[in-house]
Number of protein chains: 2
Amino acid sequence: MAEQGPEREIVHLLRKVTVEFGLRQAEFAARNGMHPTDVRALICLLDAGRSGTGATAGRLGAELGLNSAGTTSLIDRLERLGHLTRTRDARDRRRVLLSVTPQAVELGWAAFGPMIGSAEALLRGFDEVEVAAVRRFLLGFHAAVSAKPDQAGGTDRS
Amino acid sequence: MAEQGPEREIVHLLRKVTVEFGLRQAEFAARNGMHPTDVRALICLLDAGRSGTGATAGRLGAELGLNSAGTTSLIDRLERLGHLTRTRDARDRRRVLLSVTPQAVELGWAAFGPMIGSAEALLRGFDEVEVAAVRRFLLGFHAAVSAKPDQAGGTDRS
DNA sequence: AGATATTATCTCGCCGAGCGAGATAATAGG
DNA sequence: CCTATTATCTCGCTCGGCGAGATAATATCT
C-alpha cells in the first residue's frame, strides 16, 4: 500500500518543527506580556533592520497580514512596552518609521539565542556537502511556501 | 566584525520558512471561515490519526497551548463547521474522543497538498547523502526547539 | 461500601486582538 | 489650486481565549 519514499517523512518533520517553533513563540510571548503577533512583529523588524530595509508601519502590517487598524494597535502595544519607537519620516511625512530598541533586541536574543546556538552547534558537525544540501532544501521549500497555491497533483495523501 | 560562518544563514532561512508557513496557514484559515488556531488543530488531529494516538479534547488543548475553556470553544467551532465529531469514550466516560471528518481531511489536503508535492519534488533531486543530511538537521533542530530554554552562551548576535 | 481526591470537560463572564468603515494628513499629477 | 492617491490613525464591534468555578466520571483510602 503506497510506498511513499523518504520525502514524505521529511515534510512531516519540517511541519513538526514549524508547529513546535510556533508554540515556543507563543510561550515566550505570554511570558513577556505579549501576544504571538507581537513576537512575529519583532522578528520582522529585526530582519528588516538586518537587511537595511526601512521599516514602516504599513510594511510591517503587510508582512504580518494585518489591516491598518490592527497594525496601529500592534505598534501602540509594542511602543507602550518600550520595544520600539515611532518616528515620522522627514522625506515623506505620511510615513512612520519604526526602530526597535536595544531592549527589544535583547529580548529577541533571549527568545531565539539558545535555539540559534543549538542549531549552529548541530550544523558544525556537518561537512560542506551536507550543509549545502540543507541550505538548498530550505531555499527551495521557502520558494514553494511563498508561491501561491495552484497545482495539487494526484499525490497520495496521509 | 564577527565572521559567523554559513550556519547563521541556515538558521535565518529556517525561521523565514516558519514565518511564511504561518502566514499561509492564516490565509488559508481566513479563506475557509476559520482562524489560525483551527487550522493548527486540524493538523494536530490529522497527525494524531496518522500515528494512531487517541485524540481527546484535553490532549488537543495541551498541544495547542489552550486552556480548557478555549479548547471547548475551539471544538465547538470545528464541530459546527463539520470538521470533526465528538464521541464520549466508552472506557472512560469523562473523556471526549475527537475524529476528523473526511471533509476536514480533504480541506487539510487542499491546504498542504501542493506544498507537500513541491517539497517532495524538490527532494527527489537530492541523492541519499543529501536527503539524510536534511533529515538529520530537521531531527536535531526539532529536538533543540522542543527543549526547554536554558543555556544562552555568548554567541555573537545579529 | 462510603467518603475523598483527582481527572476531563463544560459554562459563565470578561478582556482585548483584529476587522470594517471612515477620518485625517501628506504627497503627486493635471 | 483641485483632485487622486498613499500612509496612518480613530471608532465601534465581533469573537477567540483566559480565569474561575461547576459538573460528572474515575481512582484511592480507610
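Lettering of chains follows the sequences in order, A, B, ..., and the numbering in each one begins at 1.
- Taking only side-chain atoms of A:Arg86, from C-beta outward, the nucleotide of D:dC9, C:dT27, D:dC18 with the closest atom is D:dC9.
- Between A:Leu66 atom CG and C:dG16 atom P there is a gap of 18 Å when expressed in whole angstrom units.
- DNA chain C is contacted by both B:Arg59 and A:Ala69; B:Arg59 maps to the nucleotide lying nearer its 5′ end (nearest heavy atom per residue).
- For the helix from C:dA1-D:dT30 to C:dG30-D:dC1, the rotation axes defined at the first and last 5 base pairs enclose an angle of 20°, given to the nearest 10°.
- Toward the 5′ end of DNA chain C lies the nearest nucleotide of A:Arg40, the other residue of the pair A:Arg40 and A:Ser68 mapping further downstream.
- Crowding of A:Arg77 atom CZ: a count of heavy atoms from other residues, nucleotides or ligands under 6.0 Å exceeding 12.
- Proximity of a side-chain donor or acceptor of B:Thr101 to a complementary backbone N or O of B:Gly82 within less than 3.5 Å is detected.
- Judged purely by atom type and a 3.5 angstrom limit, A:Glu130 uses its side chain to pair as donor or acceptor with the backbone of A:Asp127.
- Enclosure of atom CZ in A:Arg86 by more than 12 non-hydrogen atoms of other residues, nucleotides or ligands within 6.0 angstrom is indicated.
- Nearest nucleotide to the B:Arg95 side chain, out of D:dT8, C:dG18, C:dA8: C:dA8.
- Distance CZ (B:Arg88) to C1' (C:dT7): 12 Å, rounded to an integer number of Å.
- For the pair A:Asp76 CG and C:dG18 P, the interatomic distance rounds to 12 Å; values are reported in whole Å.
- In the displayed structure, A:Arg135 atom CZ is contacted under 6.0 Å by at most 12 heavy atoms of other residues, nucleotides or ligands.
- Looking at B:Arg88, its side chain does come within 3.5 Å of a backbone N or O of B:Arg94 through a donor-acceptor pair.
- Counting any heavy atom pair closer than 4.0 Å across all strands shown, A:Ala57 reaches sugar-phosphate atoms only and no base atom.
- In this structure, CD1 of B:Ile75 is placed 11 Å from C1' of C:dA8, rounded to the nearest angstrom.
- Contacts of A:Asp92 with the nucleic acid, taken as non-hydrogen atoms under 4.0 Å apart, involve only primed sugar atoms and P, OP1 or OP2.
- Using a 4.0 Å heavy-atom criterion, one finds that A:Thr56 contacts the sugar-phosphate atoms exclusively.
- Remark: P of C:dA25 and CZ of A:Arg91 are 24 Å apart, rounded to the nearest angstrom.
- When heavy atoms are screened at a 4.0 angstrom cut-off, B:Thr37 is found touching the sugar-phosphate backbone but no base atom.
- With B:Phe21 as the aromatic partner, A:Arg15 does not meet the cation-pi criteria of under 6.0 angstrom to the ring centre and within 45 degrees of the ring axis.
- Residue B:Gly61 is out of contact with every strand shown, counting any heavy-atom pair closer than 4.0 Å.
- When each of C:dT27, D:dC9, D:dA20 is scored by its nearest atom to the side-chain atoms of A:Arg93, the top-ranked nucleotide is C:dT27.
- Between the side chains of B:Ser99 and B:Thr85, a donor-acceptor pair is found at a separation under 3.5 Å.
- When rounded to the nearest whole Å, the span between CG of B:Leu81 and C1' of D:dC15 equals 14 Å.
- The interatomic distance linking B:Leu64 (CG) with C:dT9 (P) rounds to 13 Å, in whole Å.
- In this structure, B:Asn67 atom CG and D:dC18 atom P are separated by 5 Å, rounded to whole Å.
- No hydrogens or angles were tested; on distance alone, nothing pairs the side chain of A:Arg94 with the base of C:dT27 as donor and acceptor under 3.5 Å.
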